[in-house]
Structures are given as C-alpha cells and as structure tokens.
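Presented below is the structure to which this report refers.
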Amino acid sequence: MAYFDHGPLVIGDLIVPTPVVQGGMGIGVSLSGLAAAVANEGGLGVLSAASVGMVNRKNTPGGNIEALRGEIRRAREKTAGALGVNIMVALSDFGDMVKTSVEEGIDIIFAGAGLPLNLPAFVKKGCKTKLAPIVSSARAVKTISKWWREKYDYIPDAVVVEGPMAGGHLGFRKEQIDDPAYRLENLVPQVIEAIRPLEEQVGRKIPVIAAGGIFTGADIRRFLHLGASAVQMATRFVATDECDADIAFKQAYVDCKKEDIGIIESPVGMPGRAIVNRFLHEAKQGTRRPKACPFHCISTCTRETSPYCISMALINACKGKLDNGFAFIGANGYKVKEIVPVKKLFETLEQEYRQSGGNAEEEET
Ligand SMILES: Cc1cc2nc3c(=O)[nH]c(=O)nc-3n(C[C@H](O)[C@H](O)[C@H](O)COP(=O)(O)O)c2cc1C
C-alpha cells in the first residue's frame, strides 16, 4: 500500500512506502490503534511515550515502561508496516523509554521538545532502531549532529523539522511564532542545506521530514517539492476512527473554530498550541494549581510554580474529560470537519495531492 507518486521515505534500510509520518501525540492520543492504522496504509505510525502509563492509571516509572512495551507489542500485532515511538526529551524517564523501545525492536525513535543530545547513549552500536531528532531550526540540527558525532560517532538517521504551525509544544519563542521568517517553508530549505555537508561526509541521504500545519494533499505536494523526503502530520490524524483518544476529544476538533485556537505557556517551559477552553482560563487565573506531584514526569516542571499538572490535564482531555484538561491542536485544526477512518483520510489526501499537480508552488498554507 502506497499513496502519492513521490516514492518511499527511505531511512537507511527502513522503507516507508507512503511518505507520511504520523506525528506522535501525547498523552495517549497516538498509541497502537492509530499508529498501526497509519502503518497499514504504508505510512510511518508513531506511538507517543509520554506518561503512557497514565492511560491505565500506572504513572509510575515502572508503569510507564510496562505500558509502552504493551503498546508497541499491540501495534506490532496489528501491522507489519513501519512503526516509531515519539519520546520527549523533557520526560524524566527519557532514557528508559528509549531503551525499552529499542528492546522491543521499534523501527525509529523521534525525540524532540528539547535537544536530544544524549539520545545515542541509550542505543548499542549496530542496533536496527533509527534515531531522528525533531528540530525547529538549522542551528539545532547542526548542534545535535556535531554533538552526536563527537560524543557517540553517530549521525542522525533522519531529521524532523517542525515549524510554528504545529500542535503541542513549540520550539519557538512566543514572538517568533507569527514571524514570517520562521515559516516552515523557510525552515525546510535551511535544514536541508545544513544537513548537506553531513550527507556528503557519510555518503548517504539523511531524509528531512517537514512538520507543522501540513493539512491537505496540496500541502504534502508543496513540501515534497521543496525538497522534504516526507511530511509529518498529526492534527489531521486526530479526527480518525482509529485515533486512540476519546470521541469527545475528536469532537472538540470538529467543533473548534479558528478563534478557539491559541498559544499557551506550558508548565514544561515551552509555548504550546491548544484549544483554549475554560480549564486553561482558570489555570491562568491560578485556580488549577497541582496539589501533589508524585511522579515528576517532566524534568523541567516544578509543582510549586506550575499553574496546573500538565500530565493530568492532557490525560483527562484524552479520556474525554475536557472540563479538567485541554487538547493540543495544530494551527489548521479548525479545518477539521468530520471524523473518518484512516484509510479514507489517506484516500482524500491522495485525491487532493493529485488535484494539486502542476501548481504546487503557488498553493497557500
Ligand atoms: C494532540 C497533540 C499532541 C502532541 N503531542 C506531541 C508529543 O507528545 N511529542 C511531540 O514531539 N510532539 C507532539 N505533538 C506534535 C506533533 O507530533 C506534530 O509534529 C505536529 O503537531 C505537526 O503539526 P500538525 O499537527 O499541524 O500536523 C502533538 C500534537 C498534537 C496535535
């Protein structure tokens, strides 16, 4: 099964027939259900490792590991396609999550929300799992590559460049988010340029995957045309039958209007894009302060100064309890109109991709 006539995403010996990566979505939004469905359509399905134990009320270090292991195995039972795990650098159990994913034979690990400088430290030489940092600038990719090379003799297998229209945590300062200089269209060629000398040194392609605000088949064509080897999409995959979140979370996407989507300051220490609801208004007023923090799931978060517990808020939302949480969403999320099977979504994207043939450069975001 392969969509779009672009050819596969090739990451060393990992061949992904459809050049679409489904972005990892925490907490619990992209697990085995969504990831396997995407992989079965030839794309790269990605599970989110973030506090995954909370999905089954086991948010202990051991509970998270056990839950991640279970999710990877369940996904593998449902698909022979390409599977990845998204692990946020800020997670306190980052290293254990990486090790567990490698043990379970995951095809690729994506690591972002911070610079994953020590990621290669957790994998043995010659292991088949690929490593891909998620960056927001050419400078970040240069820093990571230099560090990995000097400390671990490792070159990134692929790179995701995530622009400011993405959902979830954003690797930009607040004032950069709407600055045209930081548009994904500008970042993709800069990252490709930064990677080129490295590709020449190692004699192999390092695919660049474009993410953030890619919504239609025409968008996919545009970024492939710009030189990306694949695109990463998350928001559009939320409104699918197979997405692992509760139906109320998906419906919040269908119901949301452009003016409902805003930028928040996350306790993780980065800005984030979300559907701004009553919970977030109350949190801003200081009435949602966490009473306890038994698990310290985010290394950069402190209970005393945190306006709310982000893990509780995200897991509540994922389970449909949006009064006690909130949903992350990409800038184009208000364009979601219906919840469809993953297969139908790919067919729609394919149709949009074909219809956009010939005028890719002129399309607007
Ligand atoms: C609900 C939601 C949760 C997300 N959670 C994570 C996460 O846990 N880790 C991460 O690196 N990115 C996360 N992201 C970002 C996506 O993986 C993706 O790169 C980005 O949203 C792409 O932009 P798009 O949503 O416009 O397609 C999340 C995005 C959404 C919408």
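Whatever order the structure lists them in is the order used to number ligands and atoms, beginning at 1. Along the sequence shown, residues carry numbers from 1.
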key: ligand 1-proximal atoms of Arg236, by part, heavy-atom distance under 4.0 Å   = neither

ask   = Any side-chain donor paired with an acceptor under 3.5 Å for Ser92 and His296?
value = no

inquiry  = Is there a polar contact between ligand 1 and Gly213, counting only N or O atoms under 3.5 Å apart?
reply    = yes

Whether over 12 other heavy atoms sit under 6.0 Å from Lys151 NZ = no

ask   = So which heavy atom in the protein is nearest atom 11 (O) of ligand 1, and how far is it from that ligand atom?
value = Asn86 ND2, 2.9 Å

query = Short list, please: which atoms of ligand 1 are under 4.0 Å from a heavy atom of Gly23?
reply = 17 (O)

Salt-bridge contact Glu185-Arg183 (side-chain N to carboxylate O under 4.0 Å) = yes

query = ligand 1 and Tyr253, any nitrogen or oxygen pair closer than 3.5 angstrom?
reply = no

key: Gly167 N/O under 3.5 Å from ligand 1 N/O   = yes

key: Lys/Arg-Asp/Glu bridge criterion (N-O < 4.0 Å) met for Arg204, Glu199   = no

inquiry  = Applying a heavy-atom cut-off of 4.0 Å, say which part of Thr235 lies close to ligand 1: side chain, backbone, both or neither.
reply    = both

ask   = For atom 12 (N) of ligand 1, what's the nearest protein heavy atom and its distance?
value = Gly24 O, 3.6 Å

task = Before accepting this row, confirm whether a basic side-chain N of the pair Arg76/Asp107 lies closer than 4.0 Å to the acidic partner's carboxylate O.
result = yes

inquiry  = Using a 4.0 Å cutoff against the non-hydrogen atoms of Met233, which atoms of ligand 1 qualify?
reply    = 27 (O)

query = Asn40 and Thr79: side-chain donor and acceptor closer than 3.5 Å?
reply = yes

task = Kindly confirm or rule out an N or O of Ala234 lying under 3.5 angstrom from an N or O of ligand 1.
result = yes

query = Any idea which of Arg273, Met88, Met25 brings a heavy atom closest to atom 3 (C) of ligand 1?
reply = Met25

remark   = Counting heavy atoms under 4.0 Å, the part of His169 that contacts ligand 1 is neither

query = Can you list the residues that meet the ring pair (Phe, Tyr, Trp, His ring centres under 6.0 Å) rule with Trp148, with sequence neighbours excluded?
reply = Tyr154

ask   = Any idea which protein heavy atom is nearest atom 19 (O) of ligand 1, and the distance to it?
value = Glu162 OE2, 2.5 Å

Thr240 to Ile339 - nearest heavy-atom pair and separation = C-CG2, 3.7 Å

inquiry  = List ligand 1 atoms under 4.0 Å from Gln232, heavy atoms only on the residue side.
reply    = 17 (O), 18 (C), 19 (O)

task = Answer yes when Glu350 and Arg354 have at least one side-chain N-carboxylate O distance shorter than 4.0 Å, and no when they do not.
result = yes

ask   = Is Gly212 near ligand 1, meaning one of its heavy atoms is under 4.0 Å from it?
value = yes

message = Test your reading of the structure: does Gly168 have an N or O sitting under 3.5 Å from an N or O of ligand 1?
response = no

key: Salt-bridge criterion met for Arg69 and Glu103 (N-O under 4.0 Å)   = yes

message = Looking at Lys146 and Glu150, is any side-chain nitrogen of the basic one under 4.0 Å from a carboxylate oxygen of the acidic one?
response = yes

inquiry  = Regarding ligand 1, does Gly26 bring an N or O atom to under 3.5 Å of one of the ligand's N or O atoms?
reply    = yes

Closest protein heavy atom (residue, atom, distance) for atom 1 (C) of ligand 1 = Phe328 O, 3.4 Å

